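Source: prediction; values computed, not measured. All residue numbers refer to positions in the sequence shown, counting from 1.
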Amino acid sequence: MSAAAVRVSHSAQAVRPFRKPPKIRKFLKRDENGLPVPHIRNLIVRDTHPCRLMDHYHTTLQDNLMYMTYNHESGTPPSPRQIRLTYDPNDPYTKNRHNPPVGGSQAGKKPAPPTTSENVVRLEKIVINSMIKEALTNRSNLLGLIAAFRAISGDTEGGGGRPSSDGVQIVKGKKNVGGWMRPGLPVGAKVELKGPKMYDFLSTLVEFVLPRIREFPGIVMPPASSTMKSPSGVAGVVSFGLPPEAMGYFPQIEVNLDSYPKSYGMHIHFVTNAVGLGAQNRARALVSGFQIPFTRK
């Protein structure tokens, strides 16, 4: 055999496209969901970049909120007023009876705690949820919403080695509503964001989504004549909704919008640590510090 033929045979063996795969000697274990568990233990993903909005809160916004919401109390605060119950708790005939306070629920009359540097209003978590009525007839209609929420939030169950991360959760019905909803049926999905992912989602919402919504006036507040002693007024949760077309404004969705069956609307809830009277106003002051506008009806 000539030298040229030997070189051709060796080059043909070198560019062989497929080789025999190595034999798997040890298979991966499966968790309760049937997903493979890697052999690596305690895999924790750290922050890859500084969070700009988190730094903005700790360096600027926290001090401003302390100044804006501070309420000076001189002297010894008065003892809380004792709320009289409907029935005498010492009466054996009414011991096991439902005993509400006189005058109804006292949730809207709860005073705010004293203002200190430790309880300055802060953002604890952001909850995103959406409902799909078509999921009642076919639960596979939730797949598009689950994929969209995973892309928007970047959160998965136990992602990054964080056991507290629940990822996208399925929302199920709790009671019968009009004969079309039954307990246990999936009706939507939700995701709870905490820590740096919460601020990353907030940054995307403020910089990319809200400026592109046509004629977005801001989060609508109730009239000035409405009372702030309602349960929602002392909860410290700011909520608003986005139309279905706003989902396509998220950069994670916009790059492959055609891969989703449809666009979904969503409700966004900013959960803060503010409680007591005036909690809603303190929570709005915090959210407005992240460049989210408000408007009055």
Side-chain angles (χ1 to χ4, degrees), residues 47-70 115 117 119-130 148-149 151-155 190-224 226 228 232-255 257 263-275 278-297:
D47 298 335
T48 57
H49 60 281
C51 187
R52 185 179 62 84
L53 284 185
M54 182 184 294
D55 294 341
H56 169 64
Y57 172 78
H58 289 291
T59 58
T60 304
L61 196 56
Q62 188 177 23
D63 296 337
N64 295 342
L65 290 171
M66 178 70 181
Y67 175 76
M68 294 170 57
T69 61
Y70 181 75
T115 305
S117 58
N119 64 352
V120 179
V121 57
R122 65 181 181 274
L123 198 60
E124 292 187 340
K125 62 181 179 179
I126 296 179
V127 182
I128 315 169
N129 72 284
S130 181
F149 275 7
I152 291 174
S153 63
D155 197 18
K190 73 172 183 177
V191 58
E192 296 183 359
L193 300 176
K194 299 179 181 179
K197 287 187 177 181
M198 171 183 65
Y199 288 101
D200 290 341
F201 169 79
L202 183 58
S203 176
T204 304
L205 179 69
V206 172
E207 297 177 3
F208 293 96
V209 180
L210 296 184
R212 300 173 65 183
I213 298 179
R214 182 175 298 179
E215 298 179 358
F216 177 72
I219 302 178
V220 180
M221 296 189 299
S226 62
M228 295 300 296
S232 61
V234 297
V237 179
V238 179
S239 305
F240 73 104
L242 291 179
E245 57 269 15
M247 193 190 82
Y249 299 150
F250 285 91
Q252 303 90 335
I253 303 295
E254 190 177 9
V255 292
L257 183 60
S263 296
Y264 307 95
M266 64 189 74
H267 288 273
I268 302 176
H269 310 274
F270 299 98
V271 183
T272 67
N273 66 331
V275 293
Q280 187 67 214
N281 292 332
R282 295 194 297 272
R284 290 170 184 165
L286 170 64
V287 175
S288 65
F290 294 116
Q291 300 180 2
I292 295 183
F294 286 84
T295 183
R296 186 79 68 178
K297 285 185 178 180

Is the shortest heavy-atom distance from the side chain of [X] to the side chain of [Y] under 4.5 Å?
{"X": "Val121", "Y": "Asn273", "result": "yes"}
{"X": "Ile292", "Y": "Phe270", "result": "yes"}
{"X": "His267", "Y": "Ser239", "result": "no"}
{"X": "Arg284", "Y": "Asn281", "result": "yes"}
{"X": "Thr204", "Y": "Gln252", "result": "yes"}

Heavy atoms only: give me the nearest [X]-[Y] pair and the separation to one decimal.
{"X": "Ile268", "Y": "Phe201", "result": "CD1-CZ, 4.0 Å"}
{"X": "Ser130", "Y": "Gly265", "result": "OG-O, 2.7 Å"}
{"X": "Phe208", "Y": "Pro251", "result": "CG-CG, 3.9 Å"}
{"X": "Gly248", "Y": "Leu257", "result": "CA-CD1, 4.2 Å"}
{"X": "Gln62", "Y": "Val120", "result": "O-CG1, 3.7 Å"}
{"X": "Gly236", "Y": "Ala283", "result": "O-CB, 3.8 Å"}

**Asked** Any sub-3.5 Å donor-acceptor pair from Ser263's side-chain atoms to Glu245's backbone N or O?
**Response** no
**Donor-acceptor contact present, side-chain Arg296 to main-chain Val220, <3.5 Å** = no
Just how far is it from atom [atom1] of [X] to atom [atom2] of [Y], taken to the nearest 0.5 Å?
{"X": "Met198", "Y": "Ile128", "atom1": "CE", "atom2": "CD1", "answer": "11.5 Å"}
{"X": "Phe216", "Y": "Leu242", "atom1": "CZ", "atom2": "CG", "answer": "7.0 Å"}
{"X": "Arg212", "Y": "Phe250", "atom1": "CZ", "atom2": "CZ", "answer": "11.0 Å"}
{"X": "Ser117", "Y": "Met66", "atom1": "OG", "atom2": "CE", "answer": "6.0 Å"}
{"X": "Lys197", "Y": "Ile126", "atom1": "NZ", "atom2": "CD1", "answer": "13.5 Å"}
{"X": "Leu53", "Y": "Leu123", "atom1": "CG", "atom2": "CG", "answer": "10.0 Å"}

**Prompt:** Quick check: are there more than 12 heavy atoms from other residues, nucleotides or ligands sitting under 6.0 Å from CD of Gln291?
**Reply:** no
**Prompt:** Under the side chain to side chain contact (heavy atoms under 4.5 Å, CB included) criterion, do Val209 and Met247 qualify, and how do the steps go?
**Reply:** CA-CA 8 Å; Val209 180; Met247 193 190 82; over 6 Å; no
**Request:** Evaluate side chain to side chain contact (heavy atoms under 4.5 Å, CB included) for Ile152 paired with Met266, printing each intermediate quantity in order.
**Result:** CA-CA 12 Å; Ile152 291 174; Met266 64 189 74; 4.0 Å; yes
**Prompt:** Mind checking whether His56 and Phe290 have parallel, tilted or perpendicular rings, split at 30° and 60°?
**Reply:**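 Ring orientation, 0 to 90° scale: perpendicular.
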**Asked** For Asp155 and Leu193, what are the C-alpha separation, side-chain angles and deciding distance, and is it a side chain to side chain contact (heavy atoms under 4.5 Å, CB included)?
**Response** CA-CA 8 Å; Asp155 197 18; Leu193 300 176; 4.0 Å; yes
